[in-house]
Amino acid sequence: MVAADPSRYHPSAIEAHWQHIWEREGLYRTPPPRPGERTFYALSMFPYPSGSLHMGHVRNYVITDVIARMQRLKGAAVLHPMGWDAFGLPAENAAIERGVDPADWTEANIRSMRDQLRSLGLSIDWDREVTTCHPDYYRWTQSLFLRLFARGLAYRKEAAVNWDPVDQTVLANEQVDAAGRSWRSGAQVERRLLRQWFLGITRYADGLLDDLERLQGWPERVRTMQANWIGRSRGAEIRFPLALPAEAGISVFTTRPDTLFGVTYLVLAPEHPMVDSLTSTDQAGAVEAFRAEMARSSARERTAEDRPKRGVALGGSVVHPLTRQAVPVWIADYVLPEYGTGAVMGVPAHDARDFAFASSHGLPVRVVISEDGQALADPPDGAYVGPGVLINSMGFDGVASAAAGPLITAALSAAGLGAEKVQYRLRDWLISRQRYWGCPIPIIHCQDCGAVPVPEEQLPVLLPRGVEIRARGGSPLASLEHWAAVDCPCCGKAARRETDTMDTFMCSSWYFLRYTDPRNSDSAFSSEAVNRWMGVDQYVGGVEHAILHLLYSRFLTRFLADQNLLQVREPFDRLLTQGMVQAITYRNPATRRYIAPAAVKDPTDPRDPETGEPLDTFFEKMSKSKHNGIDPNSVIERYGADTARMFILFKAPPEKDLEWDDADVEGQFRFLQRLWRQIDAFAAAGGRLDGQREDLAGIPARTLSPLDRDIRRATHVAIKEISQDLEDAYQFNTAVAELMKFSNALADLGKAQPAVQQEAVATLLILLAPFAPHLSEELWHRLHGPGSVHSQRWPSLDQDALSQDTIPLVIQVRGRTRGTIQVPGNADRATLESLALASDLAGKWLQGARPRRVIVVPGRLVNLVP
RNA sequence: GGGGGCAUGGCGGAAUCGGUAGACGCAGCGGACUUAAAAUCCGCAGGCCCAUAAGGGCUGUAAGGGUUCAAGUCCCUUUGCCCCCA
């Protein structure tokens, strides 16, 4: 308890006080769950330690904290940890720009962010903190890599990769945006051929796709996004031989084998190995020039749909597998080497992209499907992609297109020129990064033995300290001879370490497993601990991780389950994707410059402080460039963490975007002050929460005075509504509204009998505890409540307390509401009908007519239909 | 282009299985307290219309249509916005 000025609410005084006490007493240390005890794993996506907490973090962690606190009150053993996604480029960029050591920079950021997190009053067990850049963590990331390597799921291959010329590193496809720019540096990404490490996620594609259906606790749209990303399509692989009956040829994948007879050309990726042998001498120059140009542009650029499809004929041709006619071969920008077989068959009549390509290059269009089976009189003016009946297709004419695919595939199969095939959009996961500040890949390259794993007992392969990091020139580790030079663990000869580090998504794809057993030095986690806590009951984070982080985590969880290292195959049972925190933004429409809100004098008529021009206003995600960021520290300093928490929860439902509004923050602060005064008045009148409390549940509601009964009803309505709001869909906004209603209903609290007062106040403080943990704890102690408010039991609902002698009944006439009458709360249908018919409202609106039909909804309404 | 979602007062948002639309809050207005202001407390409040008033009527959930005793909620069409994939 804090002494100063007891009648006023001073959050700054009480919050630090209670944070200190909770920590000292270990209130939030995860209890070892007893046998049979219900466990609950509440997890927030751990942050990158950038050094400053922003409002998006606050929203994320407050949501998870409310859930964790509520589960504790409901008697569960709760795991609610926090950690740091601590490898990554910003630390390295800081090293380049300011010469600081990435490790020092990261540690300092973690310290300051940890302090900021503490000031929010989160019920986190800090003893379980996990930091991915610490050797005692990344030792196990390396071990995980070696497990994958041992099963052939980590492998090296030469690949055309996305090269970021600014950050001097390779990027995964997912890290390149639609405009072909790096997600981090914003640079135009180039394509290069490099030998890189990959993880075989495609081997798990079917399982990852099929099990999405079972993730009923995930938002539909996240599951859809993952399904699209995996992109399974069924079709056929078809071989176009160079000549018959020759063996060799070009294989294509198509989802439309039914259009095979419409093929008028073939297109290869410029990088396809067959390009040289199919290029005629007179086309050699044009082909070479085109390939050189393609090497400079990214995959996204090449396939962008709004630009013309460019290509060059090679001069050579292949043979159609069924018609045996010659098919000319082209190369074009829109075919990518790593996609399918790197070659597609061109069917301009039935594919929009092929039609566009054929039109601009004068290639013939051959219609083989028509809606009614009749041949078309005129050449089509666009591709027909719908179903129909085959024409011009040799023996397949008249067959429905849906049935034709398997028939044609079977014919090809018989000829040894094709087979059914399932194709995925998902690629294997490229994890090599030519950077310093990441987890070293524990591999040694030996002239004789090849890629040799570092023996498990030699892990971790420590990241060397004191390394000079330059802006350009690839991996800093590669030039570190004393580090890279080692003996081969197999043959003992001089060998060289792998100098690439891992994609940080690798580190963040298993951290939730480490939390269950964070200090284990013998293994990544014990099976006992991991199986006791996994899967995560509630995962909370931003929707920006809907694809990558969540898919990678699912993949590694499945892999470890296959290794019998854990029992669950899916890591996250329920997922909540919280909306962005937005703030008001001002922009001068003429200059397109953003104006800081502080510089705008009159928000009702916002004008440019320099020119006086009127400004556009809208809500956008907080960011430095838009000058609209709100610093959580300043909000906490001014109003306290409890107000910030309440505001964020109340202002919008958790999955929707939230518009920051200072006036609403103020309003929330006022509510907490009002609550404080309310409880203070109760205390001043001698109210306490210690000692034996009378059990009101046994006393029938009708024996209480009307006021006692009203207050009890408000108490139990609050229990019912708030429990419901926190049960299935997390509706924190309406839960806070119910707390306000409850408080408003206690205006005459002091006139109620002591037992009713005590029940109301204790209930109010316990229901409030997950939302405003400091305020509720302080008031609980002022009233001499036993122990901590956070160690109480969630109040249980007394149905009888909700009962009312009379309730309003809506009278409708012909479905239109005409008013209400008071009826006994327990009246049956017949009584309700006769009361409704006898009412003044019925008399007025029916004017003596007898209703033809009467609909009675007990407890709600009676509808009279004349 | 394909897939998914959303649209409710001046604003953020409520509304269980179709059953009094606008809970709760912000902003606003009126009153009390005060020398005054702030703070606090009490009250009003979707729109339009009638009435001196008490009160009453009509209308209203992007637009249009449908199902139903009853539609913000279900179905169809249109428009606008957002997200994902191309």
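All values derive from a computational prediction rather than experimental measurement. We name chains A, B, ... by the order of the sequence lines, and we start the count at 1 in each one.
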Report, one line per pair, each donor and acceptor closer than 3.5 Å where one atom sits in a side chain of residues 823-835 of chain A; sequence neighbours left out.
| unit_1 | atom_1 | unit_2 | atom_2 | d |
| --- | --- | --- | --- | --- |
| Asp828(A) | OD1 | Thr831(A) | N | 2.9 |
| Asp828(A) | OD1 | Thr831(A) | OG1 | 2.3 |
| Arg829(A) | NH2 | Val856(A) | O | 2.7 |
| Ser834(A) | OG | Ala830(A) | O | 3.2 |
| Ser834(A) | OG | Thr831(A) | O | 3.0 |

What pairs of donor and acceptor atoms, side-chain ones from residues 665-674 of chain A against any protein atom, are under 3.5 angstrom apart with sequence neighbours left out?
| unit_1 | atom_1 | unit_2 | atom_2 | d |
| --- | --- | --- | --- | --- |
| Glu666(A) | OE1 | Tyr639(A) | OH | 2.8 |

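Regarding the sugar-base torsion, C41(B) falls in the anti class, its angle being beyond 90° of 0. Here G9(B) is in the syn range [glycosidic angle within 90° of 0].
Between C33(B) and A23(B), the two C1' atoms lie 30 Å apart (nearest whole Å). Straight-line distance between the P atoms of G65(B) and G12(B): roughly 27 Å, to the nearest whole Å.
Side chains of Tyr9(A) and Asp680(A): no donor on one and acceptor on the other come within 3.5 Å.
Glu727(A) pairs by the side-chain hydrogen bond (donor to acceptor under 3.5 Å, both in side chains) definition with Lys74(A), not counting sequence neighbours. Residues that satisfy the side-chain hydrogen bond (donor to acceptor under 3.5 Å, both in side chains) test with Asp642(A), not counting sequence neighbours, are His774(A). Remark: Asp805(A) pairs with Arg709(A) by the side-chain hydrogen bond (donor to acceptor under 3.5 Å, both in side chains) rule, at least two apart or across chains. Phe771(A) meets the ring pair (Phe, Tyr, Trp, His ring centres under 6.0 Å) test with no other residue; sequence neighbours excluded. Asn60(A) meets the side-chain hydrogen bond (donor to acceptor under 3.5 Å, both in side chains) test with no other residue; sequence neighbours excluded. With sequence neighbours excluded, the residues forming a side chain to side chain contact (heavy atoms under 4.5 Å, CB included) with Asn863(A) are Gln812(A), Ile855(A), Leu861(A), Val865(A), listed by chain and number.
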Review item, nucleotides 17-20 of chain B N/O atoms under 3.5 Å of protein N/O:
| unit_1 | atom_1 | unit_2 | atom_2 | d |
| --- | --- | --- | --- | --- |
| G19(B) | N2 | Gln812(A) | OE1 | 3.2 |

Using atom names, set out every protein N or O paired with an N or O of nucleotides 38-42 of chain B below 3.5 Å, distance rounded to 0.1 Å.
| unit_1 | atom_1 | unit_2 | atom_2 | d |
| --- | --- | --- | --- | --- |
| U40(B) | O3' | Arg677(A) | NH2 | 3.3 |

Watson-Crick or G-U pairs under 3.5 Å in RNA chain B, rendered as dot-bracket with [ ] for crossing pairs and | for another strand: (((((((..(((......[....))).(((((.......))))).(((((....)))))..(((((..]....)))))))))))).

Under 4.0 Å protein heavy-atom contacts per nucleotide of nucleotides 4-14 of chain B, with B for base, S for backbone only and - for none: --------BSS

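Here Asp333(A) does not pair with Arg310(A) in a salt bridge; the nearest charged N to carboxylate O distance is not below 4.0 Å. Classification of Arg554(A) and Asp211(A) as a salt-bridged pair fails, no side-chain N sitting under 4.0 Å from a carboxylate O. Ionic pairing of Asp210(A) and Arg232(A) is present here: one or more N-O contacts between side-chain nitrogen and carboxylate oxygen are shorter than 4.0 angstrom.
Contact annotation: Arg816(A) does not reach the phosphate of A71(B) (side-chain N/O to OP1 or OP2, under 4.0 Å).
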